[in-house]
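Reading through the structure tokens given below for one structure.
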Amino acid sequence: MQKKYRVLLLGSGGREHAIAHSILQSPYLADLKVYPGNAGFNKDQLLPQGSLDWNNKEEFQTACKGNYDLVVVGPEDPLVAGVADWMEELGIPCFGPSAYCAQLEGSKDFAKKLMLDAGVPTSQYRTFTDYDSSLAYCKEKTLPLVIKADGLAAGKGVTVCLESVQIEQSLKEIFLEKKFGSSGNQVVIEDFLEGEEASIFAICDGKDYVLLPAAQDHKRAYDNDEGPNTGGMGAYCPAPIASDLVIAKVRTKIIEPMLEELIKKGKPYKGVLYAGLMIDSKADPYVVEFNCRFGDPETQAVLQLIESDVLELFYNVSTHNLINNPPIKISSKHSSIVVLAAKGYPGEYVKSILIDSIKPKEKDTMIFHAGTKFADDGNIVSSGGRVLGIVSLGDSLKDSIDKTYSFINSFKTDSLFYRKDIGRRAL
Ligand code: GLY
């Protein structure tokens, strides 16, 4: 890399704050702008609210043209809308896949068909477009079943049905009540997979890829995997469930066949291919879902283990030049993230919690903001369900997790709650 890069980062979660934290360490950074961002960023890094619309191609291109040398996309929505294609038209490298490839997350049916074409291990499924035939199919099947709204549903469109009443409820919400709008025009009904979950991120440049260390997310709201599903309450990395044997299978049975299938279709994949996996008792990985971006909260932990220049990596990936990237260096440390969420999340949650004095005391502990904003009086207050991510690096998983919890225990969290068992399974 010769010059310095003006970077636009899209997104507003803990994932984006963690991405920014890594990018800001690069000597190649000229300037970082973020949209919409959160109160973890400096005010001068935040673009004014309403100044970008990633659903409007013309406006978005006009806002970017001549202003940025690299666009890094955090969440899935801009990618599904086509931001990476629009940047390609302008000749601006973009870290994120095309709208075609983003359908891997944007349509569960698309993803399943592609997995079938590529011979990638996943659960059996059928796709339906109406209530009656989907219900009839479910009645023929053995429980549990997984019902997924086909399109994007902000992580809320999936129900694991253990009882038949849940099937009727879920199908009713999707087809009759239109809870997810057009994202529920189709449902994918899958057989339930048993095992332990892991999240693996493949960084792909259209030809080559590197795998980042595996992480494990904790999706349920409360300890012992109880309570409702959330966007993720914590994670740790590396996850021992992803042994060398499992990783080798992930490469040859999942990532490589998928990337080859997309190349065969003339649609090479660039950006992060996130494989959400179920690993069974024989160490065989099955794909639960693909996402077209980094996972959150896993990324907050995973990025801390990358010792290489992340901006350089993102730029080289975005210019299809991973081959010339210095070999990616991964730390031998362990990292963990615990999410502090507003009481009530993922349901109706407490709003505008004052986040004033929460500051890390150790160099290995970081705070990433998610649902926070600057209030009119200048204070930082919560503006979402997942509020902060507390991340620590340690020499062992236990060391990392102990540091994270010891930091959390050092301040009052009256209006916030968190899981107290992140990483316990691995320990
Ligand atoms: N950690 C789950 C997700 O990012 O979708």
Side-chain angles (χ1 to χ4, degrees), residues 10-19 38 72-80 95-97 101-108 111 122 146 148-160 180 183 188 190 193 196-203 212-222 225 227-239 241-242 271-279 287-304 335-341 345-346 368 370-371 384-391 418-419 422-423 425-426:
L10 298 181
S12 62
R15 166 184 53 208
E16 286 74 23
H17 196 197
I19 290 173
N38 60 41
V72 177
V73 186
E76 60 278 15
D77 304 62
L79 295 165
V80 171
F95 185 76
C101 291
Q103 289 180 87
L104 273 176
E105 179 162 2
S107 165
K108 311 274 184 272
T122 186
V146 184
K148 297 180 172 175
D150 179 58
L152 295 182
K156 298 192 177 91
V158 177
T159 310
V160 177
F180 307 110
S183 287
V188 167
E190 297 180 358
L193 291 169
E196 200 174 321
E197 286 187 77
S199 306
I200 297 198
F201 306 142
I203 310 275
L212 301 184
Q216 191 171 60
D217 189 6
H218 296 59
K219 293 211 171 75
R220 300 300 193 100
Y222 312 131
D225 291 331
N229 260 328
T230 68
M233 293 297 291
Y236 60 92
C237 178
I241 180 70
V272 181
L273 180 61
Y274 162 162
L277 303 172
M278 191 65 82
I279 297 160
V287 176
V288 177
E289 63 179 11
F290 279 115
N291 294 315
C292 62
R293 38 89 197 167
F294 278 120
D296 199 8
E298 301 96 306
T299 299
Q300 298 180 51
V302 173
L303 287 184
Q304 308 322 316
S335 92
S336 59
I337 144 90
V338 174
V339 169
L340 303 186
Y345 173 78
F368 293 125
R386 291 192 292 175
V387 179
L388 299 173
I390 311 300
V391 177
Y418 58 92
R419 276 183 62 159
I422 301 302
R425 191 181 286 151

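Residue indices begin at 1 and follow the sequence shown. As the structure is a computational prediction, the values presented were derived from the model and not from experiment. In listed order, ligands and their atoms are each counted from 1.
With N291 contributing its side chain and Y274 its backbone, the two residues share no donor-acceptor pair below 3.5 Å.
Aromatic ring centres of F201 and F294 lie closer together than 6.0 Å.
The D217 neighbourhood of ligand 1 comprises atoms 1 (N), 2 (C), with distances under 4.0 Å to a heavy atom of that residue. With ligand atoms numbered from 1 in the order given, ligand 1 contributes 5 (O) to contacts under 4.0 Å with heavy atoms of N291. Ligand-side atoms of ligand 1 in range of R293: 3 (C), 4 (O), 5 (O), range being under 4.0 angstrom from any heavy atom. Residue G231 has at least one heavy-atom neighbour below 4.0 Å for each of these atoms of ligand 1: 1 (N), 2 (C).
Checked by atom type, the side-chain pair E196/Q216 shows a donor-acceptor distance below 3.5 Å.
Here the options are R425, K219, H218, R220, the test is side chain to side chain donor-acceptor pair (under 3.5 Å), and the partner is D225; only R425 passes.
Using a 4.0 Å cutoff on heavy atoms, G295 counts as a contact of ligand 1. The shortest separation from a heavy atom of F294 to ligand 1 is not under 4.0 Å, leaving the residue out of contact. Note on ligand 1: R15 sits outside its first shell, no heavy atom being nearer than 4.0 Å.
Ion pairing between R293 and D77 fails under the 4.0 Å rule for side-chain N and carboxylate O. K108 and E289 are not joined by a salt bridge, as no carboxylate oxygen comes within less than 4.0 angstrom of a charged side-chain nitrogen.
Any N or O atom pair closer than 3.5 Å counts here, and D296 shares at least one such pair with ligand 1.
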